[in-house]
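First up is the structure itself, then whatever we jot down about it.
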Amino acid sequence: MESCIIQTPLGYARICGDEKGINSVSISNSEAIRTEIIPLVLQDCAMQLKAYFNGERQEFQLTLNPEGTDFQKKVWKYLEQIPFGKSLSYLELSKQMGQPKAIRAVAHANAKNPLWIIVPCHRVIGSDGSLTGYAGGLHRKQWLLNHESSNKQQTLF
């Protein structure tokens, strides 16, 4: 398994994977040493993430190979179908999966997503429009939703 650390506007991201695909992308709250030479099998992922943060990419085209249960992988496949700039609730996601009573299981699988940004779990919100939990921190979730919004929120200061 190869890994590298890249800097993003939201912190340092660790990318892990091999010839079978990208296994995980995670964000860290602490400073890390950026990888000088990115392994060949991770270069495309690093470039696509950079393009995403530069506003040049809305979808990722990578071979993914995350570890998880069959149910988790099913949830993650549904997450990949949420369009850029859109969001939906855990209830809506559960209904799309044909399992409207599995809201908590869907939320738990969402929280276990090992592919930060690439599998867009940040696009899932509470039924009341609240941000709810996010493993990367709610400030990052808000930033990502604003980054993807066609109506960018402006700050006064």
Side-chain angles (χ1 to χ4, degrees), residues 1-18 20-30 32 42 44-55 57-153:
M1 186 76 57
E2 301 278 354
S3 71
C4 69
I5 296 174
I6 63 170
Q7 189 169 2
T8 76
L10 296 174
Y12 291 90
R14 176 181 294 277
I15 304 169
C16 297
D18 56 24
K20 294 179 186 172
I22 301 300
N23 180 268
S24 68
V25 177
S26 58
I27 189 72
S28 175
N29 286 324
S30 59
L42 306 178
D44 195 30
C45 182
M47 289 187 322
Q48 288 189 38
L49 282 168
K50 181 179 179 183
Y52 168 85
F53 282 113
N54 288 337
R57 175 174 286 279
Q58 295 184 355
E59 295 178 8
F60 294 95
Q61 291 157 349
L62 298 163
T63 301
L64 305 178
N65 189 28
E67 292 180 17
T69 67
D70 288 343
F71 181 76
Q72 288 171 334
K73 289 178 182 180
K74 181 179 177 183
V75 171
W76 301 336
K77 282 289 180 199
Y78 273 86
L79 291 173
E80 288 182 74
Q81 297 171 25
I82 304 171
F84 182 91
K86 303 291 182 191
S87 61
L88 72 149
S89 70
Y90 294 100
L91 177 59
E92 290 169 318
L93 182 59
S94 298
K95 286 179 179 178
Q96 282 184 6
M97 293 178 63
Q99 298 180 331
K101 295 184 181 197
I103 300 168
R104 287 188 181 179
V106 166
H108 184 71
N110 194 47
K112 295 291 185 184
N113 171 22
L115 293 160
W116 179 66
I117 297 178
I118 294 169
V119 173
C121 58
H122 62 276
R123 296 179 188 156
V124 183
I125 58 174
S127 294
D128 62 358
S130 63
L131 292 186
T132 67
Y134 186 62
L138 291 181
H139 67 288
R140 288 190 178 106
K141 184 172 188 167
Q142 184 66 65
W143 190 98
L144 291 167
L145 293 172
N146 288 344
H147 177 69
E148 294 182 1
S149 173
S150 58
N151 301 319
K152 304 267 189 236
Q153 276 194 318

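These figures come from a predicted structure and were not determined experimentally.
Without hydrogens or angle criteria, Trp76 side chain to Cys121 main chain gives no donor-acceptor distance under 3.5 Å. No side-chain donor-acceptor contact under 3.5 Å links Asn65 to the backbone of Asn23.
Nearest heavy-atom pair across Lys141 and Val124 is NZ-O, 2.6 Å. Summarising the geometry of Ser3 relative to Arg14, their closest heavy-atom pair is OG-NH1, 3.4 Å, with the distance given to 0.1 Å. Ser30 and Tyr12 make their closest contact through O-CD1, 3.8 Å (heavy atoms, listed as atom of the first residue, atom of the second, distance). Across all non-hydrogen atoms, the minimal contact from Lys73 to Gly68 is CE-O, 3.4 Å. What you find for Pro114 and Pro66 is that their closest heavy atoms are CG-CB, 3.6 Å. Between Arg123 and Leu145 the shortest heavy-atom distance is CA-CD2, 4.1 Å.
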- Task: List the steps, then state whether side chain to side chain contact (heavy atoms under 4.5 Å, CB included) holds for Glu2 with Asp18.
- Result: CA-CA 6 Å; Glu2 301 278 354; Asp18 56 24; 5.6 Å; no
- Query: Should Leu49 and Thr8 be marked as a side chain to side chain contact (heavy atoms under 4.5 Å, CB included) after you check the CA-CA gap, both sets of side-chain angles, and the distance that decides it?
  - Reply: CA-CA 8 Å; Leu49 282 168; Thr8 76; 5.8 Å; no
- Report the C-alpha separation of Val75 and Tyr78 in whole Å, then their side-chain angles, then the decisive distance to 0.1 Å, and conclude whether the side chain to side chain contact (heavy atoms under 4.5 Å, CB included) test is met. CA-CA 5 Å; Val75 171; Tyr78 273 86; 5.7 Å; no
- Are Leu88 and Ile82 close enough, and set up right, to give a side chain to side chain contact (heavy atoms under 4.5 Å, CB included), and what steps lead you there? CA-CA 8 Å; Leu88 72 149; Ile82 304 171; 3.0 Å; yes
Identify every side-chain donor-acceptor pair in residues 94-106 under 3.5 Å, counting partners at least two apart or on other chains, and give the distances.
residue: Ser94; atom: OG; partner: Tyr90; partner atom: O; Å: 2.9

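Ring geometry for Phe53 against Trp143 counts as tilted: the plane angle lies between 30° and 60°, on a 0 to 90° scale.
Around atom CD of Glu67, no more than 12 heavy atoms belonging to other residues, nucleotides or ligands sit under 6.0 Å away. A 6.0 Å sphere centred on NE2 of His108 holds no more than 12 heavy atoms belonging to other residues, nucleotides or ligands.
The distance from the CD atom of Gln48 to the CD atom of Glu59 is 10.5 Å, given to the nearest 0.5 Å. Between the CD atom in Gln58 and the CD atom in Glu148 there is a gap of 8.0 Å [rounded to 0.5 Å]. Residue Leu131 holds its CG atom at 11.5 Å from NE2 of His122, rounded to the nearest 0.5 Å. Rounded to the nearest 0.5 angstrom, Tyr52 OH and His147 NE2 are separated by 4.5 Å. One finds the CG atom of Leu115 at 10.0 Å from the SG atom of Cys16 (value rounded to the nearest 0.5 Å). The CD atom of Gln81 sits 9.5 Å away from atom CG of Leu93, with the distance rounded to the nearest 0.5 Å.
Counting heavy atoms from C-beta on, the side chains of Val25 and Phe60 never come closer than 4.5 Å. Looking at heavy atoms from C-beta onward, Ile27 lies out of side-chain contact with Ile117 at the 4.5 angstrom threshold. Side-chain atoms of Ile5 and Ser28, non-hydrogen and from C-beta on, never get closer than 4.5 Å to each other.
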